[in-house]
Amino acid sequence: MKIRHVTQGVFKPIEDITAATIPPAEGFYWIDADVDDLTVLQPLFSLHELAVEDCLSEEEQRPKIEIHEGHYFLVINSIRFDDEEIFLRALNIFLGRHYIITVTKQKINELRTLKPILLEEQVSRPDHFLYHLVDIVVDNYFLVGDRIEVRIESLEEAILMHTKKSHLNEIIGLRSEILWLKKVLGPQKELIATLNKKDLKLIDDQLQKYFSDIYENAVKISETFETYRDLMGNLREAYQSSLANRANEIMRVFTALTTIFMPLTFITGIYGMNFDYIPGLHMHGGSYVLLTFMLLLGFGMFFIFRKKEWL
């Protein structure tokens, strides 16, 4: 657990946790904690037991905001895209008048990238801290969306160039991840709308207007992933069409080869009959003449098919 006194975006480490329970003359306290630290933080800051229970729960929590006496409890989903897989990590936030507590089970990159922004904006209020944190979390969805778009384009190119059976598994896997994200974005968008519109005493009225920009970005992200879902449907149709075309190409080659060998089989069938007299049967060098004729006939049909682009 790390305790910092933040004034004008400048961080000052605090060793004694009890000092953070008293409102400072200037600035606020940021407590970056793990779930195990809640046993200490809950009695000191009178954190609601249901909110603490949500933090400790192993079940996935939906993005939400709960209003309790003296503090708000928020759950926001941070997004990461590592090794071609999408991960969502819950960011639990307790917002008070003179403090903000962030509780996570894994490391959240947004908390690290937030520090220089706080210094640049000279943040001295916990609600301003919350605004910049939510803004970074939402912006990262755009970055993940760009990577998904690149993956869709590369997958589409690979399917058009050379279709493989493994492409279907990639399409199904990526589409399921997009649908999963689409489901998560709904409640997260509602959370941001609440921060934008609802009368919240712990958030400055002037600051609430800025949450409208974040809400617009959340709407854009939701629409973007809706588009990606449609693109995955088109990609699956392209995969099936490519397989059908490939099967048609193979059948066309087999048909052409069968057609070429049909007259040759006809000729060999005739000369394989048990008759005493067959034209050219006893002719000197007749076998070579027949083989030459068959080769010329086969190659001739092959070049005719190539000229007509049947092969």
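All residue numbers in this chain count up from 1 along the given sequence. As the structure is a prediction and not an experimental result, all values here were calculated from the model.
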Using the salt bridge (Lys or Arg N to Asp or Glu O under 4.0 Å) rule, take Glu110 and Arg112 through it: C-alpha gap first, then chi angles, then the decisive distance, then the call. CA-CA 5 Å; Glu110 287 83 349; Arg112 177 175 51 83; over 6 Å; no

Nearest 0.5 angstrom please: Gln188 CD to Tyr215 OH, how far? 13.0 Å

To the nearest 0.5 Å, what is the distance between CZ on Arg125 and CD1 on Ile203? 10.0 Å

Begin with the C-alpha distance, continue with both residues' side-chain angles, and end with the deciding distance and a verdict on salt bridge (Lys or Arg N to Asp or Glu O under 4.0 Å) for Lys220 and Glu223. CA-CA 5 Å; Lys220 291 179 183 177; Glu223 293 174 349; over 6 Å; no

Flag yes if more than 12 heavy atoms outside Arg89 fall under 6.0 Å of its CZ atom; otherwise flag no. yes

How many angstroms lie between OG1 in Thr102 and CD1 in Ile108, if you round to the nearest 0.5 Å? 9.5 Å

If the test is ring pair (Phe, Tyr, Trp, His ring centres under 6.0 Å), which one of Phe45, Phe129, Trp30 qualifies with Tyr99? Phe45

Counting only heavy atoms not in Met1 (residues, nucleotides, ligands), do more than 12 fall under 6.0 Å from its CE? yes

Can you tell me how far CG of Asp139 sits from NE2 of His132, rounded to the nearest 0.5 angstrom? 12.0 Å

Please say whether more than 12 non-hydrogen atoms of neighbouring residues, nucleotides or ligands are located less than 6.0 Å from CZ in Phe299. no

Are Leu143 and Trp180 joined in one hydrophobic group, where the rule is that I, L, V, M, F, W and Y side chains link up if heavy atoms are under 4.5 Å apart? no

Parallel, tilted or perpendicular: which describes the rings of His68 and His71, with under 30° parallel and over 60° perpendicular? tilted

Could you tell me if the side chain of Asn109 sits less than 4.5 Å from the side chain of Arg80, heavy atoms only? yes

Please step through side-chain hydrogen bond (donor to acceptor under 3.5 Å, both in side chains) for the pair Thr7 and Glu26, ending with a clear verdict. CA-CA 7 Å; Thr7 307; Glu26 186 180 2; 5.4 Å; no

When clusters are formed by joining ILVMFWY residues with side-chain heavy atoms under 4.5 Å apart, either directly or through shared neighbours, do Val184 and Val219 land in the same one? yes

As an exercise, state the distance from CG of Leu38 to CD1 of Ile101, rounded to the nearest 0.5 Å. 8.0 Å

Spell out, yes or no, whether Ile3 and Leu133 are grouped together once hydrophobic residues are joined by side-chain heavy atoms under 4.5 Å, including indirect joins. no

Dump the intermediate steps for ring pair (Phe, Tyr, Trp, His ring centres under 6.0 Å) on Phe73 and Phe94, then the final yes or no. CA-CA 5 Å; Phe73 174 63; Phe94 294 90; 4.9 Å; yes

I would like to know whether Asp37 and Val103 meet side chain to side chain contact (heavy atoms under 4.5 Å, CB included); could you show each step before the answer? CA-CA 9 Å; Asp37 299 323; Val103 182; over 6 Å; no

Using a 6.0 Å cut-off, check whether atom CZ of Phe11 has over 12 heavy atoms from anything other than its own residue. yes

Output the distance between atom CG (Asp16) and atom OG1 (Thr18), rounded to the nearest 0.5 Å. 3.0 Å

One pair to check against ring pair (Phe, Tyr, Trp, His ring centres under 6.0 Å): His5 and Tyr29. What are the steps and the verdict? CA-CA 5 Å; His5 178 221; Tyr29 293 107; 5.2 Å; yes

Taken in chain and number order and not counting sequence neighbours, the residues that satisfy ring-ring contact (aromatic ring centres under 6.0 Å, His included) with His128 are none

